[in-house]
Amino acid sequence: MAGVLALGALVATGCGPDGTRSATHGGSGSPHPGSSSSAPDAIRGFDFGSAAWHHPMLNTMLRARTQRGDRTLTLHDGRGRGSTPDGGPVSCRGAGAPVYGDIGGGSQVAAAGLVCSAGVNEYTAYYVWRWDAAKRTAVQDDQPLVVGEHCGSDVRTVAYRGHAFAITVGLGRLDSSCADSDRGRTPYSYTVVERDGFLMRSTPEQGAVRECALNNGDMHQLRGVTLYADRDASSPVVYRPKGLATLWTVGGHDYYESTDDLTGKKTRWQFVRANLPHGYVCGYRQVG
């Protein structure tokens, strides 16, 4: 079960549609929709190369789960074609063999990836898939495990170790251009587990799955801050400092999750980075 995927370039946040290889918003994982099978490894028989996928190039990456009508793309022999929300052509292929393991939910899940290209831009998105015993099929999580594009960070490996998905990325630099994005990346490793039905980072710091290292928007200094693993107040708390907290936002679309959160309630969430003495933590802050 210790499969390892050495991926091409992937990334986190940021760069526009003029990249040429893969990058990331680490995505948040929400309570899974499927029920576990009595066979804990039933998902190993699922054919991801003929599955219907959603992907950041097909839909808004952090849409509310209550949203309907998601675009999907069905693969045939591991390849498929679809369209972006504005009608542009998208070509997709599987990102290699899935990685399997029990990350805390009591049965094996899969981390499977899809590489999609539109023009000169390319995104690789990995999602957690879970076995739904009632439907006798695998179900894709609504939010990515890790996403990559050319302008930013890249994903080096995805593996299963110690009841967690272990991910290593090369973090990009805030001051680098797309042309320079292949140089100067800093290796960074973390693990992802499932807790109380939500995906979250467990090491080196607890946090949301989505990557925030390149958050370069507004800075806020606030007291009484609570950061959650997901856009849901029932998700695990990942950061609650006693004093003043310095937070960095994504920028541009500060409150883009301002209609429904993952529970369908009218709530606004802000995705932020809090710097720590020896690292950082990513999380969601409820703002109304």
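Distance check, rounded to the nearest 0.5 Å: CG of Leu58 to OG1 of Thr72 gives 8.0 Å. Atom CE of Met200 is separated from atom CD1 of Ile103 by 11.5 Å, given to the nearest 0.5 angstrom. Between Asp142 atom CG and His54 atom NE2 the span is 6.5 Å, to the nearest 0.5 Å. Distance CZ/Arg285 to CG/Leu227: 8.5 Å, rounded to 0.5 Å. Rounding to the nearest 0.5 Å places CG of Asp196 at 8.0 Å from OG of Ser234.
For the side-chain contact (heavy atoms from CB on, under 4.5 Å) test, residues two or more places apart in sequence or in another chain that qualify with Thr137 are Phe46, Lys135. Taking Ala245 as the reference, Val225, Tyr239, Pro241, Leu247 meet the side-chain contact (heavy atoms from CB on, under 4.5 Å) condition, with sequence neighbours excluded. By the ring pair (Phe, Tyr, Trp, His ring centres under 6.0 Å) test, Trp53 pairs with Trp129, sequence neighbours left out. For Ser83, the side-chain hydrogen bond (donor to acceptor under 3.5 Å, both in side chains) partners two or more places apart in sequence, or in a different chain, are Arg71. Applying the side-chain contact (heavy atoms from CB on, under 4.5 Å) test to Thr203 and every residue at least two apart in sequence or in another chain returns Thr191. Applying the side-chain hydrogen bond (donor to acceptor under 3.5 Å, both in side chains) criterion to Asp47, with sequence neighbours excluded, gives Ser50. Every side-chain contact (heavy atoms from CB on, under 4.5 Å) that Glu205 has, sequence neighbours left out, goes to Leu276. Applying the ring pair (Phe, Tyr, Trp, His ring centres under 6.0 Å) test to Tyr188 and every residue at least two apart in sequence or in another chain returns Tyr280.
Annotation: salt bridge (Lys or Arg N to Asp or Glu O under 4.0 Å) contacts involving residues 79-101, sequence neighbours excluded, comprise Arg93-Glu122. Applying the disulfide (SG to SG under 2.5 Å) test to residues at least two apart or on different chains, the pairs with a partner in residues 108-145 are Cys92-Cys116. Each salt bridge (Lys or Arg N to Asp or Glu O under 4.0 Å) pair with one or both residues in residues 234-248, not counting sequence neighbours, would appear here, but there are none.
Remark: the backbone N or O of Ala111 is not paired with any side-chain donor or acceptor of Tyr160 at under 3.5 angstrom. Checked by atom type and distance alone, the side chain of Tyr228 never pairs as donor or acceptor with a backbone atom of Gly207 at under 3.5 Å. Judged by distance alone, the side chain of Asp141 and the main-chain N or O of Pro144 form no donor-acceptor pair under 3.5 Å. A donor-acceptor contact shorter than 3.5 Å is absent between the side chain of Asp132 and the backbone of Arg136. Under the 3.5 Å distance criterion, the side-chain polar atoms of Ser189 are left unmatched by any main-chain donor or acceptor of Thr168.
Two residues are said to be in side-chain contact when any heavy atoms from C-beta on lie closer than 4.5 Å; His220 and Gln270 meet this criterion. By the 4.5 Å heavy-atom criterion applied to side chains, Asp230 and Val209 are not counted as neighbours. Within the 4.5 Å cutoff, the side chain of Val139 has no heavy atoms near those of the Trp131 side chain. A heavy-atom distance below 4.5 Å is not found between the side chains of Thr124 and Leu114. Between Val192 and Leu145 the shortest side-chain heavy-atom distance falls below 4.5 Å. Here the side chains of Asn121 and Met57 are in contact, with some heavy-atom distance below 4.5 Å. Put simply, the side chain of Leu199 reaches to within 4.5 Å of the side chain of Val128, judged on heavy atoms. Side chains of Leu171 and Glu211 form a contact here, defined as non-hydrogen atoms less than 4.5 Å apart.
Classification of the Phe48-Tyr100 ring pair by plane angle, with boundaries at 30° and 60°, yields tilted.
Ion pairing between a basic and an acidic side chain is recognised when a charged N comes within 4.0 Å of a carboxylate O; Glu194 and Arg130 show such pairing.
When all heavy atoms of Ala166 and Arg161 are compared, the closest pair comes out as CB-NH2, 3.2 Å. Nearest heavy-atom pair, Ser235 versus Ala229, reported as atom, atom and distance to 0.1 Å: OG-N, 3.6 Å. Contact record, Gly49 with Leu75: O-CB, 3.1 Å, taken as the closest heavy-atom pair. Pairing each heavy atom of Val193 with each of Ser202, the nearest pair is CG1-OG, 3.5 Å. Here the closest non-hydrogen pair linking Thr74 and Ala52 is OG1-CB, 3.6 Å. Here the closest heavy-atom approach between residue Arg156 and residue Gly170 is recorded as NH2-CA, 3.5 Å.
Ring centroid separation for the pair Phe271 and Tyr284 comes in under the 6.0 Å cut-off. Centroid-to-centroid, the aromatic rings of Tyr127 and His55 stay 6.0 Å apart or farther.
No hydrogens or angles considered: nothing links the side chains of Arg201 and Gln206 as a donor-acceptor pair under 3.5 Å.
When hydrophobic residues (I, L, V, M, F, W, Y) are linked wherever their side-chain heavy atoms come within less than 4.5 Å, the members clustered with Met219 are Trp248.
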